A.B. asks: 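Let me give you the structure first, and then I'll get to my questions.
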Number of protein chains: 2
Amino acid sequence: MKQDLRIIKTQESLRHALLSLLKSKPLESITIAELCRLAKINRGTFYLHYRDVHGVFKHYLEVIVEDLRQSYKEPYYKTNFIIKNIEADMIKIFHHVKKYQDFYKIIFDEKMPITYYYLLFDTVRSFMKETVNKEIQETESDIKIDYLISYQTNAILGILIEWHREGYRTSIDELNQQLIAIISINSPFKK
Amino acid sequence: MKQDLRIIKTQESLRHALLSLLKSKPLESITIAELCRLAKINRGTFYLHYRDVHGVFKHYLEVIVEDLRQSYKEPYYKTNFIIKNIEADMIKIFHHVKKYQDFYKIIFDEKMPITYYYLLFDTVRSFMKETVNKEIQETESDIKIDYLISYQTNAILGILIEWHREGYRTSIDELNQQLIAIISINSPFKK
DNA sequence: GATTTTATTGTACATCTGTCTAATAAAAAT
DNA sequence: ATTTTTATTAGACAGATGTACAATAAAATC
């Protein structure tokens with residue numbers, strides 16, 4: 001049996017309508033009723049597919065999350081996982097955010113559920129876990145690796161939060177250099 | 001002119017009702033109507049004071065945020081701002097979170113607006129900014145201090161996220177040691 | 001204590017939410 | 001091409017939301 005065409009049509013219709021509405025109003029003000037009217041979908045049908053408007057929005061995030069993953073990976077491959085050899089132009093994560101800036105503005109919005117933040121967190125974290133394992137785990141046995149990884153992961157996201165709040169005014173090149181500088185002097189607590 | 005007693009009574013009534021409801025159901029499932037019924041407040045009156053249920057909840061956070069601030073400060077004063085002299089038992093932030101665990105479980109819940117997270121972020125960040133200024137700002141002039149601070153601040157919060165997701169199972173003492181260990185080896189990128 | 005100010009109430013309204021049902025239409029399976 | 005399966009629709013329901021207004025009650029002010 002194959003995927004029912006009606007389902008695809010309905011979901012695409014809703015996603016398209018959402019994108020259209022997002023051009024003129026914030027996500028949190030978009031109602032299910034409004035979305036369905038624009039998509040010409042019966043409101044009852046909506047609930048057969050999604051629980052709320054966020055459900056539709058999450059569809060778009062799949063693409064972004066995959067691109068984030070690829071962008072975050074980049075310097076690891078470029079340096080052959082010897083990350084101390086990193087150079088500013090190997091960093092791709094800020095390009096990625098800039099590319100999807102409109103979405104990141106939504107994701108980091110005060111009203112958004114923290115789920116979206118966790119989605120970014122988990123994406124970066126899962127890759128960091130794979131790589132850090134190889135370097136640290138055996139040498140630093142007194143550290144619970146999961147805490148170290150969450151610490152490191154969230155530190156990176158801290159830069160994205162700062163960039164967002166600052167209105168994405170800092171250039172990508174500048175940020176790349178900043179990141180290099182920060183991770184090289186890090187931490188301020190070091191002896 | 002003094003603060004109107006009726007206003008105080010109304011707000012206290014709503015806050016009390018919220019706390020009562022939180023014992024049996026999650027915040028996101030509590031409606032304004034339900035809250036008002038329990039508080040014996042006319043629903044129209046609610047809107048004279050708050051926009052939504054979160055508005056009532058935020059009242060409680062003021063206390064928590066102040067305590068967080070004090071707890072985060074502690075080791076700075078204990079070490080006389082020479083933070084490399086920190087010892088595990090000087091750290092008070094995990095005590096703080098444990099103390100308000102019930103609230104932190106709500107704050108870090110997936111459905112919660114990221115506003116609450118930003119509130120924690122800003123609390124820690126503002127203090128970190130005051131202190132880091134003194135140490136770093138002059139020595140590391142190629143670094144935009146705001147990015148460094150957001151990086152560091154969010155790293156700390158990363159540990160709280162990890163603790164939350166792990167169900168607050170790790171003991172406070174263990175976490176104190178972990179934090180010391182992490183900030184001493186940090187970063188994995190160091191040369 | 002009388003007067004003035006204002007917070008609260010009761011009521012109403014249009015809209016949204018989440019759920020359910022029987023009827024219909026559109027797809028898949030044969 | 002016909003049958004079977006199932007997604008969608010229309011309609012209805014109780015409850016929630018956000019706003020508005022005149023009436024009332026409870027404070028503050030004098």
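Below, chain A is the first sequence line, B the second, and so on; all start at residue 1. Computed over heavy atoms, backbone and side chain alike; hydrogens, waters and symmetry mates excluded. Computed from a prediction, not measured in an experiment: that's the story for all the values here.
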A.B. asks: If you look at every strand shown and take non-hydrogen atoms under 4.0 Å, does K9(B) touch a base, only sugar-phosphate, or nothing?
C.D. replies: nothing
A.B. asks: Centres of the Y116(A) and F57(A) rings: under 6.0 Å?
C.D. replies: yes
A.B. asks: Whole angstrom is fine here: how far is it from CG in D52(B) over to C1' in dG18(D)?
C.D. replies: 12 Å
A.B. asks: Looking for any heavy atom pair under 4.0 Å, which part of the strands does I32(A) touch: base, sugar-phosphate only, or nothing?
C.D. replies: sugar-phosphate
A.B. asks: May I ask you to check whether Y50(B) and F46(B) place their ring centres under 6.0 Å from each other?
C.D. replies: yes
A.B. asks: Look at all strands and tell whether T31(B) reaches a base, only sugar-phosphate, or nothing, counting heavy atoms closer than 4.0 Å.
C.D. replies: sugar-phosphate
A.B. asks: Rounded off to whole Å, could you give me the CD-to-P distance for the E28(B) and dG18(C) pair?
C.D. replies: 12 Å
A.B. asks: Round to the nearest Å and state the distance from Y50(A) atom OH to dC16(C) atom C1'.
C.D. replies: 20 Å
A.B. asks: Calculate the interatomic distance between I41(B) atom CD1 and dG10(C) atom P; express it in whole Å.
C.D. replies: 11 Å
A.B. asks: For dA27(D), does the base pair up with any side-chain atom of D4(B) as donor and acceptor (N or O, under 3.5 Å, distance only)?
C.D. replies: no
A.B. asks: How do R43(B) and Q11(B) order along DNA chain C: which one's closest nucleotide is nearer the 5' end?
C.D. replies: Q11(B)
A.B. asks: What's the closest nucleotide to the side chain of A33(B) if the choices are dT17(D), dT9(C), dT17(C)?
C.D. replies: dT17(D)
A.B. asks: Apply side chain to side chain donor-acceptor pair (under 3.5 Å) to T170(A) and K144(B), showing your working.
C.D. replies: CA-CA 10 Å; T170(A) 304; K144(B) 275 181 130 179; 2.9 Å; yes
A.B. asks: Calculate the interatomic distance between I30(B) atom CD1 and dT17(C) atom P; express it in whole Å.
C.D. replies: 20 Å
A.B. asks: In whole angstrom, give the distance that lies between atom CD of Q3(B) and atom P of dA28(D).
C.D. replies: 9 Å
A.B. asks: Under a 3.5 Å cutoff, is there a donor and acceptor pairing between the side chains of D109(B) and Y104(B)?
C.D. replies: no
A.B. asks: Within this structure, what is the NE2-to-P distance between H49(A) and dT19(C), rounded to whole angstrom?
C.D. replies: 15 Å
A.B. asks: As a test of reading the structure: which of dG18(C), dA28(D), dG18(D) is closest to the side chain of L5(B), going by heavy atoms?
C.D. replies: dA28(D)
A.B. asks: What's the closest nucleotide to the side chain of R37(A) if the choices are dC16(C), dG18(D), dA7(D)?
C.D. replies: dC16(C)
A.B. asks: Classify the side chain of R6(A) and the base of dA27(C) as holding, or not holding, a donor-acceptor pair under 3.5 Å.
C.D. replies: no
A.B. asks: Among dT17(C), dT17(D), dT9(C), which is the nearest nucleotide to the side chain of Y47(A)?
C.D. replies: dT17(C)
A.B. asks: Do R165(A) and Y118(B) meet the cation-pi criteria used here (NZ or CZ under 6.0 Å from the six-membered ring centre, within 45° of the axis)?
C.D. replies: yes
A.B. asks: Just the rounded figure in Å: distance from P of dA10(D) to CZ of F46(A).
C.D. replies: 17 Å
A.B. asks: Nearest of dA7(D), dT9(C), dT19(C) to any side-chain atom of N42(B)?
C.D. replies: dT9(C)
A.B. asks: Are T45(B) and dA7(C) close enough that a side-chain N or O sits under 4.0 Å from OP1 or OP2?
C.D. replies: no
